[in-house]
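These values consider heavy atoms only, across backbone and side chains, with no hydrogens, waters or symmetry-generated copies. Just so we're on the same page: letters track the sequence lines, and every chain starts at 1.
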There are 2 protein chains.
Amino acid sequence: MYIYIRILGMSTSQLYRGSLTTIILKLVEENGEMYGYEITQRVKELTQGDLEIKEGALYPSLHKMEAAGHLTVTAKKVDNRIRKYYDITPAGKEETVNRLAELDEFLANMQRIINPKLSFE
Amino acid sequence: MYIYIRILGMSTSQLYRGSLTTIILKLVEENGEMYGYEITQRVKELTQGDLEIKEGALYPSLHKMEAAGHLTVTAKKVDNRIRKYYDITPAGKEETVNRLAELDEFLANMQRIINPKLSFE
DNA sequence: TTGTTTACTTAAGAATCTTATGTATATTTA
DNA sequence: TAAATATACATAAGATTCTTAAGTAAACAA
């Protein structure tokens, strides 16, 4: 029997919609080879448990990014189980730059709307 | 005959998904009574044309926020045409505070992931 | 041995958005 | 003055991205 308890403070915000690809690209670009489960744990760590990447979002996203030629995948047997390691491609690096630029623009635009007084840069 | 030309630099990013409610709440809370079309123009101004709120997203969103009790609506005839002015309710002000807090958390979490070196605050 | 963690997969449904279409009046331009 | 554009709202169909849920399977802890 399983009882799931909603962790206080864990994010349910819709704002993360659209940011998953950017997060994956950045982490894999920076760390090199990572596998799916590792990405979920790394994000949980970095955000102090605030953001939990769901498997139902993560894995289809990884498959799509591989299909797009932004990531490569290599299956490795570790402890008698399969892990799929993803690494960034040159096209993936370009995509990372673009996605991070988009994120910057998004942040700047939200600042302009939410805090117009600080937006004279 | 209509020819639509894609404006260079206009955002097509998925990052804005989930931010519309926050944007509307903040603008109406700050400016007082606003009507839909006015909101699209204000956002366009503030972001220098970068972000165009689509009518297909805006109007259903306004209706939903009214149904939720976060906004009130008053129809007024201006220049022989109907405008629907939306204003914030007390519940809407609470929601605004919550949404802005969520936005802050989102920004902080993205910083922690994208730029971990700057995240020791 | 029961439950939890690790590790991946995928289908169904929800939420939010874009695109497209429609209505209608006012204003600008050719 | 006719045509096009701007103002102003509404909504249905489809796309995208996510959550929820169910499944498989092995390692590990209680």
Side-chain angles (χ1 to χ4, degrees), chain A residues 1-7 10-24 33-44 51-68 71 73-86 99 102 106, chain B residues 1-7 10-24 33-45 51-68 73-86 99 102 106:
Chain A
M1 212 256 246
Y2 296 83
I3 300 176
Y4 291 99
I5 298 172
R6 175 75 172 64
I7 309 299
M10 191 172 72
S11 186
T12 52
S13 171
Q14 301 282 358
L15 288 170
Y16 295 91
R17 229 165 244 275
S19 64
L20 182 56
T21 304
T22 308
I23 292 173
I24 294 173
E33 269 200 341
M34 293 183 86
Y35 57 99
Y37 187 77
E38 188 185 8
I39 293 173
T40 66
Q41 298 309 299
R42 189 92 191 88
V43 168
K44 211 169 159 184
L51 181 51
E52 294 196 5
I53 305 295
K54 309 296 192 306
E55 297 160 297
L58 176 71
Y59 292 112
S61 202
L62 286 171
H63 302 161
K64 197 178 167 190
M65 293 164 80
E66 197 219 330
L71 297 178
V73 64
T74 314
K76 293 185 185 175
K77 205 162 197 175
V78 180
D79 288 328
N80 204 34
R81 270 181 309 188
I82 294 295
R83 275 188 195 163
K84 296 201 171 171
Y85 282 91
Y86 290 88
R99 290 283 188 160
E102 274 185 5
F106 169 71
Chain B
M1 213 257 247
Y2 295 84
I3 300 177
Y4 290 99
I5 298 172
R6 173 76 172 65
I7 309 299
M10 192 173 69
S11 187
T12 53
S13 171
Q14 300 283 359
L15 288 169
Y16 295 91
R17 228 166 244 275
S19 64
L20 182 56
T21 305
T22 308
I23 292 172
I24 294 173
E33 271 199 341
M34 293 184 86
Y35 57 100
Y37 187 78
E38 186 185 10
I39 293 173
T40 66
Q41 299 309 300
R42 189 92 191 85
V43 167
K44 211 169 159 184
E45 258 178 51
L51 181 51
E52 293 195 5
I53 306 295
K54 308 297 191 306
E55 298 159 297
L58 175 73
Y59 293 113
S61 203
L62 286 171
H63 301 161
K64 197 179 165 189
M65 294 164 80
E66 196 218 331
V73 64
T74 314
K76 293 185 186 176
K77 206 162 197 175
V78 179
D79 287 328
N80 203 35
R81 269 180 309 188
I82 293 294
R83 276 187 193 164
K84 296 200 172 171
Y85 281 89
Y86 290 88
R99 291 282 188 160
E102 274 184 5
F106 169 71

Reading nucleotides 9-22 of chain C from 5' to 3' and marking B where a protein heavy atom lies under 4.0 Å of the base, S where only the sugar-phosphate is that close, and - otherwise, the string is BB----BBSBB---
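Rounded to the nearest 0.5 angstrom, B/Thr40 OG1 and B/Met34 CE are separated by 9.0 Å. If you take CG on B/Leu51 and NZ on B/Lys44, they are separated by 11.0 Å, rounding to the nearest 0.5 Å. Separation of atoms CG (A/Leu20) and CZ (A/Arg99) is listed at 9.5 Å; rounding is to 0.5 Å. With rounding to the nearest 0.5 angstrom, the NZ atom of A/Lys84 is 10.5 Å from the CG atom of A/Leu62. The OG atom of B/Ser19 lies 7.0 Å from the CD1 atom of B/Ile53; values are rounded to the nearest 0.5 Å. Atom OG1 of residue B/Thr12 and atom CG of residue B/Leu15 lie 10.0 Å apart, to the nearest 0.5 angstrom.
Between A/Met65 atom CE and D/dC18 atom P there is a gap of 11 Å when expressed in whole angstrom units. Rounded to an integer number of Å, the gap from NZ of B/Lys76 to C1' of C/dT25 is 20 Å. The distance between atom CD1 of A/Ile39 and atom P of C/dA7, rounded to the nearest whole Å, is 12 Å. Summarising the geometry, the separation between CZ on A/Arg42 and P on C/dT6 is reported as 15 Å, rounded to the nearest angstrom. Between the C1' atom of D/dA8 and the CD atom of B/Glu38 lies a distance of 12 Å, rounded to the nearest Å. Between A/Met34 atom CE and C/dA7 atom C1' there is a gap of 14 Å when expressed in whole angstrom units. Protein atom CZ of B/Arg83 is 17 Å distant from nucleotide atom P of D/dA6, rounded to whole Å. Distance CG (B/Asp79) to C1' (D/dC9): 15 Å, rounded to an integer number of Å.
Side chain of A/Tyr35, nearest nucleotide from C/dA7, C/dT25, D/dT7: C/dA7.
If you check every strand for non-hydrogen atoms under 4.0 Å, B/Arg81 touches a base.
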